[in-house]
**Q** 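I'd like to ask you about the structure that follows.
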Protein chains: 2
Amino acid sequence: MESQSGPQKPKAYHHGDLRNALIHAGLELLAEGGAQELDLRKVARRAGVSHAAPYRHFADKQALIAAITEEGFHWLAERIETALREVAVEPFEQLVGIALAYVHFAQEHTWLMREMFSGLTIERETFESLHTASKTVYRLYTDVIRRGQESGKFVTGDPAALAGVFWSVLHGLAILIIEKQMRPYTDGPEGTERVTRYTIESLYGGFARR
Amino acid sequence: MESQSGPQKPKAYHHGDLRNALIHAGLELLAEGGAQELDLRKVARRAGVSHAAPYRHFADKQALIAAITEEGFHWLAERIETALREVAVEPFEQLVGIALAYVHFAQEHTWLMREMFSGLTIERETFESLHTASKTVYRLYTDVIRRGQESGKFVTGDPAALAGVFWSVLHGLAILIIEKQMRPYTDGPEGTERVTRYTIESLYGGFARR
DNA sequence: ACCTGAACACCGTTCAAGT
DNA sequence: ACCTGAACACCGTTCAAGT
C-alpha cells in the first residue's frame with residue numbers, strides 16, 4: 001500500500017534471507033534501546049515485514065533471542081581469537097589478553113551480554129546450538145591453559161578444569177563491571193584495564209602469601 | 001463480591017502492610033515459575049488486591065522488582081554471615097565457606113539471583129537502596145580478606161581490591177554453574193561442592209607454577 | 001489514605017486468506 | 001513457500017470513583 005520510497009529497502013529485500021535480517025534487526029534494537037526495545041513487532045517492522053512474518057522463521061520470541069545470542073557467542077569467540085593473535089605468546093599475557101577482550105566485549109555489547117548469560121529470557125536447554133557456541137569459547141581458554149602448562153609456566157592439572165576457574169573469574173569480573181559493582185576501582189581512564197590486569201595478576205599469583 | 005472463604009486471607013489482611021505482602025507474593029511467584037510468572041497482575045491477585053493496588057506502593061513494575069531483589073541481597077548477606085559462623089576461623093576455610101554459601105544461594109534461589117544480577121529488568125542506578133544492600137555483601141568479603149592478611153596467610157594489598165577479585169570468582173562461578181556451563185564438572189553428588197572448593201583452591205594457590 | 005473497575009495502549013501469538 | 005490483516009488473550013499503566 002505505502003508507495004513511499006523513504007528509508008525502506010526495496011520490496012524484494014529478503015531474497016529468502018528474512019531470518020538473518022530479523023536477527024540483525026534484533027541485534028540493532030538491543031544495542032540501541034536494551035531488552036525493552038527487543039520486541040517482536042518492532043523487529044519485524046525494522047526488517048520491513050508484517051508482525052506475523054517472523055513466525056515463518058522462529059517458533060516464538062525466545063527462539064529469535066536464542067538466535068541473537070548465538071550470534072553474540074560467535075562475536076565473542078572472534079573477539080578473543082583476534083586478541084590472542086595480537087598479544088604476546090607469553091602465557092600470562094595471553095590470559096590478560098583474553099580477559100581484556102572479554103571485558104571490553106561486555107562493555108561494548110552490554111545488552112547482548114546480559115541476554116547471553118542472564119538465563120532470564122531463554123531456556124538454554126531448549127537450544128542446542130547455544131551450547132555448542134559457548135563450548136567454542138570455552139575451548140579457547142582451555143587451549144591457552146594447556147600451552148601455559150606445556151611451557152612450564154602454569155600449574156599442572158586438568159586444563160579444562162582450570163579453564164573453568166579462569167572463565168569464572170573472567171565472567172564474574174565482566175558482569176560486576178558492567179553492573180557497576182566494581183566502582184570506584186573502574187573509574188577514570190584505563191580504569192577497566194587496570195582492574196582487569198590486577199584481577200588476572202591476583203589469580204596468577206594466588207591469594208596465599210609465601 | 002466473592003463470598004468464598006477458601007485459601008484467601010481475611011479481607012483486612014494488609015494492616016497497612018500491603019507493600020510487604022506484594023514483595024513476598026512476588027518472591028513466591030518468582031521462585032515457583034520464574035521471571036515469566038512475575039507479573040504485576042498476578043502478584044496483586046496473590047496478595048488479594050486489585051491489579052491497580054500495587055501502584056499505591058510502587059511507582060511501576062521495576063520498583064517492585066527492585067524491592068524484591070533488595071530482599072534477595074539481605075537473604076544473601078544473612079546466608080553468608082551464617083556460613084562464616086559455622087566454618088573454621090582459618091582464612092582459607094572462610095573463603096571456601098563464603099563460596100559455598102554464595103553458590104548454594106544461587107542454586108536455591110536461581111530466579112532471584114538472575115533478577116539480582118542480570119541488569120536486564122531493573123536499572124540499578126535508579127534504586128539507591130540496592131546499591132547499599134550489595135555493598136553490605138561486599139563488606140563481608142573484605143573483612144575476611146583483611147583478617148587473612150592480618151594473620152599473615154594472605155598476600156598484602158588493598159583488601160577491598162582483593163575482595164573485588166574474590167567476588168568476581170564467586171559470582172562467575174555461581175552464574176556459570178546455574179546456567180549449566182560448568183558441566184560435566186558439577187555432575188554427581190557433591191559435584192557443586194567439589195567444583196567450588198577446587199575453584200577457591202586454584203585462586204588461593206594461583207595459576208603460576210613454582 | 002487506600003483500594004476498585006473500567007479503559008487504553010501495546011505485545012506475543014494464531015489463523016484464515018492472499019500471491 | 002512466504003507473507004498479510006484481523007483477531008484474541010493478556011499485561012502494564014492510568015484515572016475517575018468509591019469507602
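Letters A, B, ... mirror the listed sequences (proteins, then strands); counts begin at 1. Values below: all heavy atoms of this structure, side chains included; hydrogens, waters and symmetry mates excluded.
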**Q** Which base, if any, makes a Watson-Crick or G-U wobble pair with dC10(C), both distances under 3.5 Å?
**A** none

**Q** Compute whether any side-chain donor of one residue and acceptor of the other, for Gln181(A) and Ser134(B), lie under 3.5 angstrom apart.
**A** yes

**Q** Expressed in angstrom and rounded to an integer, what is the separation of Tyr55(A) atom OH from dG5(D) atom C1'?
**A** 15 Å

**Q** Take the protein atom CZ of Arg45(A) and the nucleotide atom P of dG5(D), then report the distance between them rounded to whole Å.
**A** 13 Å

**Q** Taking atom P of dG12(C) as reference, at what distance in whole Å does atom CD of Gln36(A) sit?
**A** 12 Å

**Q** Looking at dC10(C), I'd like to know if its phosphate oxygens (OP1 or OP2) sit under 4.0 Å from a side-chain N or O belonging to His51(A).
**A** no

**Q** On the side chain of Arg56(B), is there an atom forming a donor-acceptor pair with the base of dT4(C) - under 3.5 Å, no angle test?
**A** no

**Q** Are OP1 or OP2 of dC11(D) and a side-chain N or O of Lys61(B) less than 4.0 angstrom apart?
**A** no

**Q** Select one nucleotide: of dG5(C), dC3(D), dT4(D), the one nearest the side-chain heavy atoms of Ala52(B).
**A** dG5(C)

**Q** Only pairs with both distances under 3.5 Å count, Watson-Crick or wobble alike; so what is the partner of dC15(D) in this structure?
**A** dG5(C)

**Q** Let me know the distance between CZ of Phe58(B) and P of dC2(C), rounded to the nearest Å.
**A** 13 Å

**Q** Answer yes when Arg46(A) and Glu37(A) have at least one side-chain N-carboxylate O distance shorter than 4.0 Å, and no when they do not.
**A** no

**Q** Between dC3(C) atom P and Leu40(B) atom CG, what is the distance in whole Å?
**A** 15 Å

**Q** Do Phe166(B) and Tyr138(B) have ring centres separated by under 6.0 Å?
**A** no

**Q** Return the value, rounded to whole Å, for the distance between atom CZ of Arg41(B) and atom P of dA7(C).
**A** 13 Å

**Q** Starting at NZ of Lys42(B) and ending at P of dC10(D), how long is that distance when rounded to a whole Å?
**A** 9 Å

**Q** Are Glu71(A) and Trp75(A) close enough that a side-chain donor and a side-chain acceptor fall under 3.5 Å?
**A** yes

**Q** Round to the nearest Å and state the distance from Asp39(B) atom CG to dA9(D) atom P.
**A** 17 Å

**Q** Between atom CZ of Arg114(A) and atom OG1 of Thr121(A), what is the distance when rounded to the nearest 0.5 Å?
**A** 12.0 Å

